[in-house]
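Any value given below was found using the heavy atoms of this structure, including those in side chains, with hydrogens, waters and symmetry copies removed.
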Protein chains: 2
Amino acid sequence: MDGMATTRQPNLDAAGEACVRGDAALARAFEFLGKRWNGVVLGSLRDAPAGFRELSRAIGGISDSVLSDRLSDLAGAGLIVRTVCEGPPLAVSYALTDRGKALMPALEQISLWAQEHLLQDE
Amino acid sequence: MDGMATTRQPNLDAAGEACVRGDAALARAFEFLGKRWNGVVLGSLRDAPAGFRELSRAIGGISDSVLSDRLSDLAGAGLIVRTVCEGPPLAVSYALTDRGKALMPALEQISLWAQEHLLQDE
DNA sequence: ATCGTCGCTCGGATATTCGAAGCAGCTTGG
DNA sequence: CCAAGCTGCTTCGAATATCCGAGCGACGAT
């Protein structure tokens, strides 16, 4: 061990910081994706817009309050839009924005990975 | 009412099951990725194995207790391995397994998305 | 011996999520 | 008409998850 570990160059350089290995961008992304249902909600919107109850059912296992929260978050972040269809029957529809759509390839990749490596348990 | 679903057939199609719009696989994946730091931890391990403190610093903002928890989770799920290097200096090293490595393309995709669509706000 | 680092664990605050219930408006239907 | 079901949420209390700081044993350097 003598030769090698004496110095520690791994990720601190004299100048200062900003040596974030894990990608600051990745970290930023996971401030959203790391919330319990955000990823799944986005995935449910992948193929088509949907209403509140529709999402609730499609996702399964999420509570109304949380879904409402997630939807607000996502809308606030500009990943989805909430559209109210007046008419009489008063329907609401959530859909992906461009920013949200741009995330779909990543989600598909994850889905693929899950299908191959996480089939149903480990 | 117009359109669809006149009767209460939410979204079951005749063929069989798997009508889960959001992809069951995606949902499964987000049982891990949806936990607050899991994605970032994996991302930090992308290029090279690392020790506990090293990860703690590289990630920044995570507490020891949570990091420890995440590491256990990930190890339990078979995405990373914990290797103890005896010697005297007693070092521990966490590294991705094959399963974990297989997830990297997806993470890169997410990172890319974040760089383009999530540059700096909030 | 004293200090600093590494790899964790423990305890207690604080934030997040859950699950059920409630409310208003519209629709079916008896 | 009025019960009963649907949709789109909101509120509440309780369970969980996460955060933060402190501490412990082992080791190396000073």
Side-chain angles (χ1 to χ4, degrees), chain A residues 1-12 27 30-41 44-45 49-76 80-95, chain B residues 1-11 27 30-41 44-45 49-75 80-95:
Chain A
M1 55 280 292
D2 36 278
M4 49 199 339
T6 39
T7 53
R8 63 304 221 89
Q9 61 276 89
N11 41 11
L12 261 189
F30 271 102
E31 279 168 35
F32 287 108
L33 296 178
K35 292 199 136 192
R36 184 80 215 254
W37 290 102
N38 273 349
V40 188
V41 168
S44 298
L45 253 21
F52 187 93
R53 191 59 47 185
E54 198 172 349
L55 281 172
S56 161
R57 245 196 292 278
I59 293 173
I62 191 176
S63 63
D64 283 5
S65 41
V66 175
L67 178 55
S68 181
D69 215 47
R70 277 328 76 124
L71 253 16
S72 297
D73 258 13
L74 257 18
I80 64 176
V81 256
R82 192 183 110 117
T83 313
V84 181
C85 231
E86 292 291 348
L90 180 67
V92 179
S93 165
Y94 294 90
Chain B
M1 41 276 333
D2 43 78
M4 49 195 333
T6 45
T7 51
R8 63 287 210 22
Q9 290 265 163
N11 37 17
F30 272 102
E31 280 168 33
F32 288 108
L33 297 178
K35 292 199 139 192
R36 183 81 216 247
W37 291 103
N38 273 348
V40 188
V41 169
S44 298
L45 253 21
F52 188 93
R53 189 61 47 186
E54 198 172 350
L55 282 172
S56 160
R57 244 196 288 279
I59 293 173
I62 191 176
S63 62
D64 284 5
S65 40
V66 176
L67 179 55
S68 179
D69 214 46
R70 277 328 76 120
L71 254 15
S72 298
D73 259 13
L74 258 17
I80 63 176
V81 257
R82 191 183 111 117
T83 313
V84 182
C85 231
E86 293 291 350
L90 181 67
V92 179
S93 164
Y94 295 90

Look up atom [atom1] in [X] and atom [atom2] in [Y], then write down how far apart they are to the nearest 0.5 Å.
X	Y	atom1	atom2	result
L33(A)	F30(B)	CG	CZ	5.0 Å
R53(A)	L67(A)	CZ	CG	8.5 Å
D69(A)	L74(A)	CG	CG	10.5 Å
I59(A)	R70(A)	CD1	CZ	11.0 Å
Y94(B)	L71(B)	OH	CG	4.5 Å

Do E31(B) and R36(A) have side chains that get closer than 4.5 Å, going by heavy atoms?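 Yes, side chains in contact.
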Quick one: does V84(B)'s side chain get under 4.5 Å of R82(B)'s, heavy atoms only?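 Side chain of V84(B) against side chain of R82(B), heavy atoms only: contact under 4.5 Å found.
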Between [N] atom [atom2] and [X] atom [atom1], what is the distance in whole Å?
X	N	atom1	atom2	answer
N38(B)	dT18(D)	CG	P	8 Å
I62(A)	dG8(D)	CD1	C1'	14 Å
R70(A)	dC9(D)	CZ	P	16 Å
D69(B)	dA17(D)	CG	C1'	9 Å
I59(A)	dG8(D)	CD1	P	13 Å
L71(B)	dC6(C)	CG	P	15 Å
L90(A)	dT7(D)	CG	P	12 Å
L67(B)	dC20(D)	CG	C1'	14 Å

Return the angle between end axes of the helix from dA1(C)-dT30(D) to dG30(C)-dC1(D), with five pairs used per end and rounding to 10°.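 The end-segment axes of the helix from dA1(C)-dT30(D) to dG30(C)-dC1(D) are tilted 0° relative to each other.
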Do S65(A) and dG19(C) share a donor-acceptor pair, side chain to base, under 3.5 Å? yes
I want to check one thing: is the phosphate of [N], taken as OP1 and OP2, less than 4.0 Å away from some side-chain N or O of [X]?
X	N	value
R36(A)	dA17(D)	no
S68(B)	dT9(C)	yes
Y94(B)	dC8(C)	yes
R57(B)	dC6(C)	yes
S63(A)	dT17(C)	no

Closest of dG7(C), dC18(C), dT9(C) to the V92(B) side chain is dG7(C)
Check S44(A) against L55(A) and note the closest heavy-atom contact, atom names and distance.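 So the two residues come closest at CB-CD2, 3.8 Å.
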Between N or O atoms, less than 3.5 Å apart, protein on one side and nucleotides 22-25 of chain D on the other: list the pairs.
none

Between R82(A) and W37(B), the residue closer to the 5' end of DNA chain D by nearest nucleotide is R82(A)
* Asked: Side chain of S56(B), backbone of F52(B): donor and acceptor closer than 3.5 Å?
  ->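 Side chain of S56(B) to backbone of F52(B), a donor-acceptor pair under 3.5 Å: no, none is there.
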